[in-house]
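The block underneath contains the structure these notes are about, expressed in structure tokens.
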There are 2 protein chains.
Amino acid sequence: MEFKRPPTIRDVASAAGVSIATVSKFINGQQRFSPEVEQRLRDAIATLGYRLNQQARSMVTGQTRTFGLAILDVRNPHFANIVKGANRIALENDYNLLVVDLEERPSHERHLLEALSGRVDGLIVSSRIPDDSIEWLGELGKPVVFFGQHKRPGVRCVRTDGYRAGYLMGLHLVEAGRKRIAYLGFPKARWNSERLTGVRVALAESNQTVQEYAVEWPTLDGGQQAAAALLRSSQRPDAIVAYNDLVAIGLLHEAASMGIKVPDELAIAGFDDIPVSRFMQPPLTTVNMRSEEQGEAAMQLLLESVRNKSNMGRDILLEPQLVPRASTAPAGSQG
Amino acid sequence: MEFKRPPTIRDVASAAGVSIATVSKFINGQQRFSPEVEQRLRDAIATLGYRLNQQARSMVTGQTRTFGLAILDVRNPHFANIVKGANRIALENDYNLLVVDLEERPSHERHLLEALSGRVDGLIVSSRIPDDSIEWLGELGKPVVFFGQHKRPGVRCVRTDGYRAGYLMGLHLVEAGRKRIAYLGFPKARWNSERLTGVRVALAESNQTVQEYAVEWPTLDGGQQAAAALLRSSQRPDAIVAYNDLVAIGLLHEAASMGIKVPDELAIAGFDDIPVSRFMQPPLTTVNMRSEEQGEAAMQLLLESVRNKSNMGRDILLEPQLVPRASTAPAGSQG
DNA sequence: TTGAAAGCGCTAACAC
DNA sequence: GTGTTAGCGCTTTCAA
């Protein structure tokens, strides 16, 4: 089956015996015509199987009614939630959302983003590239909303307070009576140091310090791999805060394999509150970073930018929320 | 900050003192010019900050070097894996991939797909709409690869054998000594009945029958909600096969809350082998439905279609693989 | 090696 | 009500 050239308004026009302008106005519903003409138009469109070429339209209108969202990894439920939130708001406002997965590959990032920006009215970007390397974001010529902080004018930002998230977690563990608290981070991530600082400050208030470790990747496997070294050390922590829930789940699994009792011998916690965390055994303590709301907020900002034809205005900072569960219950409080 | 009209080749042309044809040829690298001209061109492009308008180009070339992928729900790791697979192959072949989340809403499906098809050279579609309602897929005027079966000419298909998957699972449970096996399905899904039939046939070979139940949604919460009724019944099953891993994990969690020992008192299994299944406590038995390879295969088919300018050729059927884990170990074989 | 001009499918301003 | 026409930004003959 070959793909023949699709019919254009010109084909419709000659089939219906009218001009192309008439066809254009008709399909845009911005004007009524005599009943007979409208009927001929409908017939012609139906028999030819005509469909509007969106590209051609946006060529002249300069609008696509589509937004783009670039995320680091669809496989991470945190990002999947962001997609959900952004998509919902977009659809409600009669915009489509196109998602691209950056695959955690900084080298491709710019290329993919430039390609995306050409097809949309604005974009939302999650990036791992350092601020000073993405100056070009503002030069895409389109409204951009960025996850994180970015001083560049013309780029608005959405984020959840990572410092506060870390602080809440640190406090929680101290209150649960933990004495040797470790942070298993992912240094390449933008939010890693905020979270770590939060934890550290909370511990400092009780004169505790935090041991630092790092994963290669912020994933289930990354957590599992890091676990071995961490859990076998002679001075094993009695609590581990992981960079995110995925890493925490990897840890949890490895701890179970090694016969370490969670939370009695070891407390484990993460960040993000991804859906599956509640279903773990034991359920995982975490901080809700409002992933879905981040997506929603970013999309709202984008809609504003497009409507005002400007990119001024406030950034958005969301408040994280501690979600205490069994994985950090005070030692001895449960079996 | 306002968004000014971006520079066009016409701006570059006049800045460099050449014609637009020269600019066009230069940026496409298909022709060399005198050193001085090339230098003027480079300067003009740099100072103006010129960037190619992809839309305008595809308007004339008829190519976008982009494919579209429509999935039912990004939040389901099965689909996230499909995205990964498809994206990898696309990138390797110098194509971009645009993903759209259908949000499990059949009403919007057609609209979203039509919008997407206008921006890409071909698409991969996962749908919940019955076959006879998506006849229009073939009329999108673009190559289409569909997940599932679809007799329509011009639409190629990729799927993993659901019947075989169910059969493997059924056999596994019978061999593990289970006597009252239930299937907790999601009837709205295309693959539900294949899987059920497979299970049923496997059980029939040992003269067993299967009890059927259904979830509202194929999600963690869906599984948890269905669990209550199912687990409290007087004739409680000693094994439950869930529609997918998410549902199984919901079940697993609820069983734990109710103090039911898995696998001793109850075996639980799912389909898909999503990454987190291996990390559950106990690790979840499942059938690997080759999600990522489905995405890869679909993209390969699409590339073929585009290269041959035709949509003929074979469909692809992948073999599922049983992944036995602790959640279905024979009763009494472990604590 | 360079340029003029036609045209991709559509919209919008302006005639009639 | 309906038609003519000039582009949107680009590629691509074809000619010079």
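Chain A is the first sequence line, chain B the second, and so forth, proteins listed ahead of strands; every chain is numbered from 1.
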The criterion is salt bridge (Lys or Arg N to Asp or Glu O under 4.0 Å); which residues satisfy it with [X], sequence neighbours excluded?
X        : result
A:Arg10  : none
B:Arg190 : B:Asp131
A:Asp121 : none
B:Arg290 : B:Glu293

[X] (side chain) donor-acceptor with [Y] (main chain) under 3.5 angstrom:
X        : Y        : answer
A:Lys142 : A:Val120 : yes
B:Asp11  : B:Thr8   : yes
A:Glu38  : A:Phe33  : yes

Pairs in or reaching into residues 87-109 of chain B: which pass ring pair (Phe, Tyr, Trp, His ring centres under 6.0 Å), with residues at least two apart or in two chains?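 Counting only pairs at least two positions apart or across chains, the ring pair (Phe, Tyr, Trp, His ring centres under 6.0 Å) contacts touching residues 87-109 of chain B are B:Phe67-B:Tyr95.
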
Considering residues at least two apart in sequence or located in another chain, which fulfil the ring pair (Phe, Tyr, Trp, His ring centres under 6.0 Å) criterion with B:Phe186?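 Checked B:Phe186 against ring pair (Phe, Tyr, Trp, His ring centres under 6.0 Å); matches are B:Tyr243.
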
For A:Phe147, enumerate each residue passing the ring pair (Phe, Tyr, Trp, His ring centres under 6.0 Å) test, keeping only those at least two apart in sequence or located in another chain.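 Result, ring pair (Phe, Tyr, Trp, His ring centres under 6.0 Å) vs A:Phe147: none returned.
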
All N/O donor-acceptor pairs, side-chain side in residues 43-50 of chain B, below 3.5 Å, sequence neighbours left out:
residue: B:Asp43; atom: OD1; partner: B:Gln39; partner atom: NE2; Å: 3.0
residue: B:Thr47; atom: OG1; partner: B:Asp43; partner atom: O; Å: 3.0
residue: B:Thr47; atom: OG1; partner: B:Ala44; partner atom: O; Å: 3.2

Working for side chain to side chain donor-acceptor pair (under 3.5 Å), residues B:Arg57 and B:Asn28: CA-CA 11 Å; B:Arg57 168 186 278 176; B:Asn28 287 304; 2.3 Å; yes

Roughly how bent is the helix from C:dT1-D:dA16 to C:dC16-D:dG1 end to end, in steps of 10 degrees, with each end axis from five pairs?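 One end axis against the other gives 40°.
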
For DNA chain C, what residues of residues 47-57 of chain B have any heavy atom nearer than 4.0 Å?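 Correct list: empty, so none.
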
Could you check whether B:Ser24 gets within reach of a base, just the sugar-phosphate, or nothing at all, counting any heavy atom under 4.0 Å?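 Touches a base.
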
From CG of B:Asn28 over to C1' of D:dT12, roughly how many Å is that when rounded to an integer?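 Taking atom C1' of D:dT12 as the reference, CG of B:Asn28 is at 10 Å.
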
Atom-to-atom span, CZ of B:Phe26 to C1' of D:dC10 - whole angstrom: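 Those two atoms, CZ and C1', are 17 Å apart.
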
Dump every N/O contact between nucleotides 1-4 of chain D and the protein below 3.5 Å, one line per pair.
residue: D:dT2; atom: OP1; partner: A:Ser34; partner atom: OG; Å: 2.9
residue: D:dT2; atom: OP2; partner: A:Ser34; partner atom: N; Å: 2.9
residue: D:dG3; atom: OP2; partner: A:Ser19; partner atom: N; Å: 2.8
residue: D:dG3; atom: OP2; partner: A:Ser19; partner atom: OG; Å: 3.3
residue: D:dG3; atom: OP2; partner: A:Thr22; partner atom: OG1; Å: 2.7
residue: D:dG3; atom: O6; partner: A:Lys25; partner atom: NZ; Å: 2.5

Nucleotide interval of DNA chain C bounded by contacts with chain B (heavy-atom cut-off, under 4.0 Å):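 So the contact region on DNA chain C extends C:dT1 to C:dG9.
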
Should A:Arg65 and A:Asp94 be marked as a salt bridge (Lys or Arg N to Asp or Glu O under 4.0 Å) after you check the CA-CA gap, both sets of side-chain angles, and the distance that decides it? CA-CA 7 Å; A:Arg65 290 212 72 87; A:Asp94 231 350; 5.2 Å; no

